[in-house]
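Single-structure report; data block below.
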Number of protein chains: 2
Amino acid sequence: MVVAVADQQPSVLTVGPANALPSGPFELGHRSLQFGLRTWVEQQTDHQLGYIEQLYTFADRDRIGEQRQQRVISISYLALTRAEHAAGGKRAWRSWYDYFPWEDHRPGAPPMVVEILQPRLLAWADEASHPSLRRERRHRAAVAFGFEDHGWNEELVLQRYELLYEAALVEEATRGSLQSASLPILGTSMTADHRRILATGIARLRSKIKYRPVVFELMPPVFTLLQLQRTVEALSGRLLHKPNFRRLIEQQELVEETGETTADTVGRPAKLFRFRHAVLDERVVAGTKLPLSRS
Amino acid sequence: MVVAVADQQPSVLTVGPANALPSGPFELGHRSLQFGLRTWVEQQTDHQLGYIEQLYTFADRDRIGEQRQQRVISISYLALTRAEHAAGGKRAWRSWYDYFPWEDHRPGAPPMVVEILQPRLLAWADEASHPSLRRERRHRAAVAFGFEDHGWNEELVLQRYELLYEAALVEEATRGSLQSASLPILGTSMTADHRRILATGIARLRSKIKYRPVVFELMPPVFTLLQLQRTVEALSGRLLHKPNFRRLIEQQELVEETGETTADTVGRPAKLFRFRHAVLDERVVAGTKLPLSRS
DNA sequence: TCCAATTATTCTCTGAATGAGTATAATTTG
DNA sequence: CAAATTATACTCATTCAGAGAATAATTGGA
């Protein structure tokens, strides 16, 4: 899963006509998984990868090799890059909100959440035979999608996708069975379980930007604070409070002024900043939530 | 990596005489990786696993199969269980601080950190030819082990192990080469890269207990708040502030009183609590660190 | 019986971080 | 030159984390 942000859209690199993530075999020549991945993706996409992180390893039933009884082990990765190079040929950048239209809450909650997802999920809950199962399904849906008093939690991307899968509301879930009765169109579907991998990656990234300075892997060398904010907003799918965002960035000393300002747009020109690469050495991780004792 | 806590020692299940983690092949009959793992470990160790989490997938050079040119892919997992059943036969519980003696800061920082590790790491840093590399090595060591003004960060378990590995201060690092000159005894070594997996798992667990109620997987059904605190302290390797720990647990409503109290020990008897399993449904994840805007 | 020791529990105080909103500054556009 | 637009700075209230003190309920021995 190769991620970049351009024009305030978080985008993933896809290959082929059928919405697949770039993937390839792990070969004997490769020194390690990460190294093999890097060389492979750079060959296939002419793209330098910055940050790379392992996501998850799958070997489930629907991943059995064609002829012989042989398992395919899929090891998925998340990679961040800058969206400068335009992709051509068989590959294309595509907004991840094409695949997860219910995840973009920047203009407010999308109407489809209440108008389509909520009634369908409630109908699915009511299909259950046992009352306690019905209650459990309704509760899971409410937590995942923030239905009743529950608020929207942008990190629950995978839980939401799995819920829709269970309820057979995404195309992938109806593939094996013949009775594709409702045939819903909830987001663009993908090859195999690639949309599930995407959901895992989005969730991981939305969580990670909160405690590690990984956003800067997606930024150009020099940027304004608003551009930085728009990028974070694109990833998290939510709008941020501008003054407080500035305070957060500045008090953590993540950036330094270049001394220059923007000139192109209307309004007061904004100061340009660059990422302080030194912070990667200085602070490794921020957070303790345990009440430590002095001695 | 199967973890339990008994007698205030965080312990891992080992097999064989040579300090190995329990492991086994993934077979065609297994429905999924997680399912295969569960059945395999339960067969081998007579142990019911509670919480299971995938750690990392390795396929590096030193994991090449013996005869044919064939890679071995190792998928490591972290599992939490209760230490009630005594293990017998070829398997044994062993404190993870046997393998990482520098990680237990409960009685304060172990003397070995300043007396042994610091001088050896500084000597290793000075081996470097280039001054900037020397400075970088010293800085990395200071951050990882909290040498100068840097404090101790209990989550950097893997970074610390990797640093000691690079500096050839753990036995595993000197295996391939003939010149095992210094032959240091920094913790008990393990088969293959099992100690590295352990480090990964400890780091993951120390991080996770801060934002997910996983500690309770390690507790008996009923416990006092001090017992709970001692367990968290065993895992994190640090002492906690008692009143603040209580406040943290209570305000999150993680536990409920049973109505009973302990009777066996001296001092005022403590109330007994049990975990509120309902919280697993209620709050999925706590934290946002982004300055969200209202609308 | 009563005091010391021990452990449990509650409360207070302080400073830092967070959420929310307002005020001011420097541009472009008509 | 005023209005619109964007950037930046400041204020206030609330919550949360760190630290320590005070009080409660036991046991063990003098």
With B for base contact, S for sugar-phosphate-only contact and - for none (protein heavy atoms under 4.0 Å), nucleotides 1-7 of chain C reads -----BB

Could you give the CZ-to-C1' distance, from A/R247 to D/dT8, as a whole number of Å?
14 Å

Once you round it to whole Å, what is the distance between P of C/dT22 and NE2 of A/H241?
10 Å

Determine: side-chain N/O of B/Q251 to OP1/OP2 of D/dA17, distance under 4.0 Å, yes or no.
yes

Specify the separation, in whole Å, of atom CZ of A/F245 and atom C1' of D/dA7.
14 Å

Partners meeting ring pair (Phe, Tyr, Trp, His ring centres under 6.0 Å) with A/Y77 (sequence neighbours left out)
none

To the nearest Å, give me how far apart CG (B/N244) and C1' (D/dA21) are.
13 Å

To the nearest angstrom, the CG-C1' distance between A/L239 and C/dA20 comes to 15 Å

Check the distance between D/dA19's P and B/L248's CG and give it to me in whole angstrom.
14 Å

Would you please name every residue forming a salt bridge (Lys or Arg N to Asp or Glu O under 4.0 Å) with A/E148, sequence neighbours left out?
none

Set of salt bridge (Lys or Arg N to Asp or Glu O under 4.0 Å) partners for B/K271, sequence neighbours left out:
B/E257

Using whole Å, report how far CZ of B/R238 lies from P of D/dG18.
11 Å

Can you list every side chain to side chain donor-acceptor pair (under 3.5 Å) pair that touches residues 2-13 of chain A, not counting sequence neighbours?
A/Q9-A/S95

Going by the rule salt bridge (Lys or Arg N to Asp or Glu O under 4.0 Å), which residues pair with B/R247 if we only count those two or more places apart in sequence or in a different chain?
none

Whole-Å distance, B/K271 NZ to C/dT9 P, equals 6 Å

Report yes or no: do A/E53 and A/Y51 form a side-chain donor-acceptor pair below 3.5 Å?
yes

